[in-house]
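Just so we're on the same page: letters track the sequence lines, and every chain starts at 1.
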Amino acid sequence: MHHDRDKRIEELLTRSVDEVIERNHLKKRLESGDVLRVKLGIDPTSPHLHIGRMVPLLKLRDFQKLGHKIILLVGNATGVIGDTSDKDAERPMLSHEAVAENMRQYVAQAGKIIDIAQAEVVYNAEWLDKLGFKEIGGLADAFSVHEFIQRDNIKRRLDAGKRVNLREVLYPLMQGYDSVVLRADVEVGGTDQRFNLLAGRTLQPRFGQAPQDVVMTELIIGTDGRKMSSSWGNTINLTDSARDVFGKVMSISDELIVPYLTHCTRVPMADVHTIERGMADERIHPRDAKIRLAKELVTLLHDATSANIEERYFIETFSKGVIPKDVETLAVTDGEALVDVLVRAGLAKSKSDARRKIQQGGIKISDEKITDVMQTLTKEQNNSILRVGKKNFRKIVF
RNA sequence: GGGUCGGUGGCAGAGUGGUCAAAUGCACCAGACUGUAAAUCUGGCGACUUACGUCUACGGGGGUUCAAAUCCCUCCCGGCCCA
């Protein structure tokens with residue numbers, strides 16, 4: 001009778017999960033039928049959420065689907081301080097303005113994954129900004145400098161002679177205190193958050209609360225094989241257009257297909273395993289597995305219709321090399337120099353760059369390679385397709 | 001507060017008077033090969049110029065010199081050690 005629920009609890013505790021503290025305790029509570037308060041904090045450090053954030057967000061959704069209360073915490077105070085967990089270098093302090101700007105779209109973006117209407121959305125500046133030295137001192141009392149400098153990334157920086165400033169030490173205190181204020185039963189976060197997540201467990205008992213359980217999710221690798229990070233431009237953003245999402249997925253390397261399917265979608269694990277085995281013995285072409293992944297992601301972030309449209313577009317344009325039908329138009333004047341047009345349309349960074357692209361054979365008009373850097377555009381080329389590199393097309397219109 | 005080392009292109013990091021628009025790696029762009037894969041290979045990667053070439057750049061400002069990323073002064077910022 002409870003088989004289905006047991007399976008879902010098991011998946012909740014394992015899929016994309018690196019570690020649970022304390023697993024048995026949390027399992028019992030999940031089985032008890034109590035409604036748990038499950039917290040996830042996201043700092044508004046960049047204007048876009050990327051699919052790395054989907055891992056904990058999907059985990060949050062799993063909790064939500066089991067009937068628990070989820071709390072989405074927007075770190076408008078912590079975002080200003082800046083977390084160092086995933087950084088090799090000191091993180092600059094953001095201005096309140098920058099944070100506010102980034103924050104604006106966050107909740108809507110997260111709403112693509114979780115049911116915002118059923119969630120509690122909170123902003124930690126509301127309580128953190130009110131703390132004075134006395135309170136902060138009290139929180140700081142719970143931690144030692146030693147624990148902090150033993151953290152792997154801090155230690156590395158210290159060893160490398162890089163600066164670690166005192167403000168950074170404050171971050172875990174703040175995150176831990178968030179859990180106190182919110183009376184969190186569970187906190188979800190990436191494995192790189194370990195120290196911060198545990199801070200809640202340290203602080204809560206000091207305020208007469210039971211320590212929260214912690215669910216640490218796997219980190220995913222960026223589209224270029226390095227850690228996914230906004231500053232490296234190897235992300236797929238929740239705000240990306242359906243076309244971009246599809247295209248970016250198709251350009252990842254094969255090894256990432258299974259991790260992405262596991263962590264960024266809710267394709268049943270049985271299917272994921274089938275795909276994994278299928279690719280191993282070559283019954284399934286990696287390209288097709290990738291298309292499945294791309295469609296799943298587009299469906300999650302947009303909708304199923306877009307997913308089908310983009311699949312067709314992709315096959316037409318790239319597999320078959322056909323020039324797409326719905327090309328952006330580009331108005332030009334008669335006799336305008338090609339290099340100027342390229343710069344104006346944002347297809348080249350500068351005239352020098354435009355010339356280079358022509359010299360290297362990267363520019364085509366109506367499928368004919370342009371070789372002359374002095375090329376100008378004339379009326380005969382009305383409605384021709386200008387192609388820059390592999391994937392940029394513009395229809396020339398006079 | 002004292003001592004000492006350092007601040008170079010998107011990042012990391014060479015370069016210590018001319019041959020430096022600045023090695024090398026990463027990122028990025030174009031081409032080849034492909035499954036728009038990845039990996040690999042080739043070319044490129046400040047701006048302007050068809051081109052010869054010109055201009056702007058090595059933390060900020062000032063100076064020495066025919067000539068400065070390189071030397072001097074000063075200011076700002078940081079590391080380390082000592083207190």
Is it true that Asp353(A) and Lys357(A) have a side-chain N and a carboxylate O under 4.0 angstrom from each other?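 Result for this pair is yes, salt bridge flagged.
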
Less than 4.0 Å between a side-chain N and a carboxylate O, is that true for Lys290(A) and Asp254(A)?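 The answer is yes: the pair qualifies as a salt bridge.
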
Rounded to the nearest Å, what distance is computed from the [atom1] atom of residue [X] to the [atom2] atom of nucleotide [N]?
| X | N | atom1 | atom2 | value |
| --- | --- | --- | --- | --- |
| Asp353(A) | C45(B) | CG | P | 10 Å |
| Glu282(A) | G35(B) | CD | C1' | 13 Å |
| Lys369(A) | A30(B) | NZ | C1' | 10 Å |
| Lys349(A) | C29(B) | NZ | C1' | 7 Å |
| Met250(A) | G35(B) | CE | P | 12 Å |
| Arg355(A) | A51(B) | CZ | C1' | 10 Å |
| Ile221(A) | A38(B) | CD1 | C1' | 13 Å |
| Gln359(A) | U49(B) | CD | P | 13 Å |

Ser350(A) or Val249(A), whichever maps to the more 5' nucleotide of RNA chain B: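 Nearest-nucleotide comparison on RNA chain B picks Val249(A).
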
Return the 5'-most residue of the pair Val388(A), Ser352(A) with respect to RNA chain B, ranking by each residue's nearest nucleotide.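 That would be Val388(A).
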
How far, in whole Å, is [M] from [N] if one measures between their [atom1] atoms?
| N | M | atom1 | value |
| --- | --- | --- | --- |
| U70(B) | U64(B) | P | 15 Å |
| U56(B) | U8(B) | C1' | 16 Å |
| A51(B) | G17(B) | C1' | 32 Å |
| G78(B) | G59(B) | C1' | 11 Å |
| A14(B) | G25(B) | P | 15 Å |
| U24(B) | G44(B) | P | 11 Å |
| U4(B) | A83(B) | C1' | 15 Å |
| C58(B) | A21(B) | P | 14 Å |

Identified pairing partner of [N], criterion: Watson-Crick or G-U wobble below 3.5 Å:
| N | result |
| --- | --- |
| U4(B) | G79(B) |
| C66(B) | G18(B) |
| A38(B) | none |
| G43(B) | C29(B) |
| A51(B) | none |

Select one nucleotide: of [options], the one nearest the side-chain heavy atoms of [X].
| X | options | answer |
| --- | --- | --- |
| Gln360(A) | G35(B), U49(B), A30(B) | A30(B) |
| Arg287(A) | C29(B), G35(B), A38(B) | G35(B) |
| Lys351(A) | U50(B), C48(B), G35(B) | C48(B) |

Can you find a side-chain donor-acceptor pair between Gln193(A) and Glu187(A) that sits under 3.5 Å?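 Gln193(A) vs Glu187(A): no donor-acceptor pair found between side chains.
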
Treating Ser144(A) as the side-chain partner and Glu147(A) as the backbone partner, does any N or O pair qualify as donor plus acceptor under 3.5 Å?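 Yes; at least one donor-acceptor contact below 3.5 Å.
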
More than 12 heavy atoms of other residues, nucleotides or ligands under 6.0 Å from [atom1] of [X]: is that the case?
| X | atom1 | value |
| --- | --- | --- |
| Arg183(A) | CZ | no |
| Glu126(A) | CD | no |
| Lys27(A) | NZ | no |

Counting any heavy atom closer than 4.0 Å, what does Lys390(A) reach on the DNA or RNA strands: base, sugar-phosphate only, or nothing?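 Since a base atom lies under 4.0 Å of Lys390(A), the category is base.
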
Touch check for Met374(A), heavy atoms < 4.0 angstrom, all strands: base, sugar-phosphate only, or nothing?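 Counting heavy atoms under 4.0 Å across all strands, the contact made by Met374(A) is with sugar-phosphate only.
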
Side-chain N or O of Arg356(A) versus OP1/OP2 of A47(B): is the shortest distance under 4.0 Å?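 Yes, such a contact exists.
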
For a quick check, tell me whether the side chain of Asp288(A) and the base of G35(B) share a donor-acceptor pair closer than 3.5 Å.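 Result: no qualifying N/O pair found.
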
